[in-house]
Amino acid sequence: MIKQLENFFNGKRVLILGLGREGRSTLDILKNINCTIGIADKNLTPTAELEQYELYLGDNYLDCLDKFDIIMKSPGIALLDMVSDEIKSRITSQTDLLLRFRKNTLIGITGTKGKSTTSSLTCHILKECGKNAVLIGNIGIPPLERIGEFEDDTIIVCEMSCHQLEYVQASPDIAVLLNVFEEHLDHYVDFNAYKNAKENIYHYMNENGTLIIGSDCVHDDFGCDVVTASLDCGDADIFVTADMLSINGVEIPLSGIDTKLIGHHNFYNIGIAVFIALTLGCDKDEALKAVASFNGLPHRLENVGIFGGVQYINDSISTCPSTAIAAVRSFDKVDTIIVGGMDRGIDYTELVNFLNGSDIENVILLPDSGYRIFPDLDGGKRNIYKAENLVDAVRYAKNVTKVRCLLSPAAASYGFYKNFEERGEHFKQLVKE
């Protein structure tokens with residue numbers, strides 16, 4: 001694969017669009033290849049080490065795009081409709097090149113929610129079953145960063161975000177589209193553009209590929225083997241009921257699945273991860289045994305602990321209404337919920353109706369999206385509090401909560417925190433103080 005990358009970039013003018021973590025990873029690759037390197041970044045402060053490259057910085061950083069043969073776009077750059085189709089034809093990414101040039105078996109997993117847990121769990125099961133598996137991608141490891149470590153039998157599990165999939169021209173061997181909800185509308189012209197980016201994960205599949213897709217997302221003609229999955233539809237190939245998980249007709253009682261993952265919705269993720277393992281030759285009992293040793297991920301229904309008799313749950317990963325609803329339903333009692341964050345224009349009607357019909361006693365709202373839904377919430381049977389910030393929210397929660405406090409913002413953290421991880425860490429710090 002390294003040789004193919006060298007041939008792809010050799011003699012070309014290559015622009016790194018966005019010098020975040022993935023952009024710097026791209027720079028490390030290009031340094032060793034015969035090509036001219038440019039860097040475009042709106043917010044980058046130039047340093048001595050970057051002086052040897054063509055730099056395009058500040059508000060007009062996109063004006064240089066027509067000067068380059070190849071544009072290596074980083075996931076955080078939102079182009080919306082600001083560039084022409086001719087420019088778009090030059091755009092690629094680490095994810096695209098991984099899909100195009102890899103020789104290893106590649107599992108690509110995307111979805112608005114659940115992709116990190118499902119990707120991590122899939123890789124964990126494969127390793128526990130004796131497979132040589134590696135986890136890369138949106139989980140925090142740029143797709144091409146570890147290519148030098150791949151052996152012939154390495155199975156690549158790659159979590160893929162909509163931003164990473166937007167300009168791809170190839171598909172994985174096993175593609176997973178878990179679900180699609182309103183999300184990232186600040187990065188796309190509309191919801192359909194966001195949905196189309198997600199669906200790119202399977203657009204280039206052929207009869208040798210396998211697509212595992214949520215039943216709600218099936219609306220297309222597919223040129224590959226299709227496996228449907230559902231949390232509530234018994235007609236799917238993989239489905240979950242109140243007390244049973246079915247995988248291709250094999251019924252597994254939920255009571256017999258030992259897992260540390262919280263929430264009924266996680267059996268959907270477990271079913272898909274186990275199915276992938278079985279497809280790749282793992283034993284069913286060994287795969288289910290591996291589920292028990294998976295500890296879950298930080299900031300995803302993470303138990304912070306019990307303080308003053310109250311349990312605090314960190315679900316900072318929640319960035320849309322459906323995830324906040326699923327989080328509440330994961331517990332028998334939530335008497336306080338903290339919601340709100342960056343307002344990206346998402347429709348919160350579903351969440352408002354759910355909260356108004358729930359027995360949650362305290363709803364704590366954070367700016368900006370929390371303040372937007374304030375007029376629509378029924379305060380007749382609950383306390384509704386507009387907090388100034390997370391510090392104020394946790395202080396109020398400690399005064400009113402008796403059983404369980406849940407941070408599940410249903411909103412992005414940007415504008416207030418660097419990312420959802422920073423928001424979750426701050427919440428845990430405040431709780432423990």
Side-chain angles (χ1 to χ4, degrees), residues 113-114 117 231 242 254-255 258-269 294-341 348 350-366 369-370 373-374 377-411 413 417 420-433:
K113 290 301 162 189
T117 296
L231 191 56
L254 299 189
S255 59
D258 185 6
T259 178
K260 299 182 181 71
L261 295 174
I262 299 173
H264 189 72
H265 62 282
N266 269 314
F267 287 108
Y268 176 80
N269 302 328
F294 181 68
N295 291 319
L297 301 173
H299 314 295
R300 296 155 176 85
L301 292 177
E302 178 186 12
N303 180 19
V304 181
I306 296 177
F307 302 89
V310 173
Q311 183 183 32
Y312 290 84
I313 302 295
N314 168 28
D315 192 40
S316 182
I317 184 67
S318 166
T319 56
C320 66
S322 60
T323 55
I325 293 170
V328 174
R329 287 174 172 165
S330 298
F331 301 94
D332 56 359
K333 174 69 175 177
V334 172
D335 48 342
T336 299
I337 186 171
I338 302 173
V339 298
Y348 280 95
E350 181 186 19
L351 179 60
V352 167
N353 291 340
F354 174 79
L355 292 175
N356 284 340
S358 73
D359 60 358
I360 297 174
E361 298 164 17
N362 312 294
V363 178
I364 303 175
L365 303 174
L366 292 169
S369 61
I373 67 174
F374 173 75
L377 291 172
D378 179 8
K381 58 179 181 179
R382 61 179 53 85
N383 301 314
I384 301 177
Y385 180 73
K386 294 171 72 175
E388 295 180 7
N389 49 42
L390 194 55
V391 176
D392 187 26
V394 172
R395 178 196 59 78
Y396 183 78
K398 288 187 175 182
N399 288 332
V400 298
T401 311
K402 299 180 179 64
V403 178
R404 185 174 289 111
C405 171
L406 170 67
L407 169 69
S408 194
S413 60
Y417 295 94
F420 73 84
E421 291 95 341
E422 184 178 74
R423 175 172 62 188
E425 291 299 329
H426 191 205
F427 175 72
K428 291 192 289 184
Q429 174 192 343
L430 293 169
V431 167
K432 292 175 181 178
E433 287 175 350

Could you tell me if [Y] and [X] have a donor-acceptor pair between their side chains, going purely by distance under 3.5 Å?
X: Lys113; Y: Thr319; value: yes
X: Glu433; Y: Gln429; value: yes
X: Gln311; Y: Asn303; value: yes
X: Asn356; Y: Asn353; value: no
X: Asn362; Y: Tyr396; value: no

Heavy-atom side-chain proximity of [X] to [Y] below 4.5 angstrom:
X: His299; Y: Glu421; result: yes
X: Ile360; Y: Thr336; result: no
X: Leu430; Y: Lys432; result: no
X: Leu231; Y: Phe267; result: no
X: Ile337; Y: Leu355; result: yes

For Arg404 and Asp335, run side chain to side chain contact (heavy atoms under 4.5 Å, CB included): C-alpha distance rounded to whole Å, both residues' side-chain angles, the deciding distance at 0.1 Å, then the answer.
CA-CA 6 Å; Arg404 185 174 289 111; Asp335 48 342; 4.3 Å; yes
Hey, could you give me each pair passing ring pair (Phe, Tyr, Trp, His ring centres under 6.0 Å) that has a residue in residues 301-325? Not counting sequence neighbours.
none
Atom NZ of residue position Lys402 - does it have more than 12 heavy atoms of other residues, nucleotides or ligands inside 6.0 Å?
no
After noting the C-alpha distance and the side-chain angles of Val304 and Phe427, does the key distance pass the side chain to side chain contact (heavy atoms under 4.5 Å, CB included) rule?
CA-CA 9 Å; Val304 181; Phe427 175 72; 4.1 Å; yes
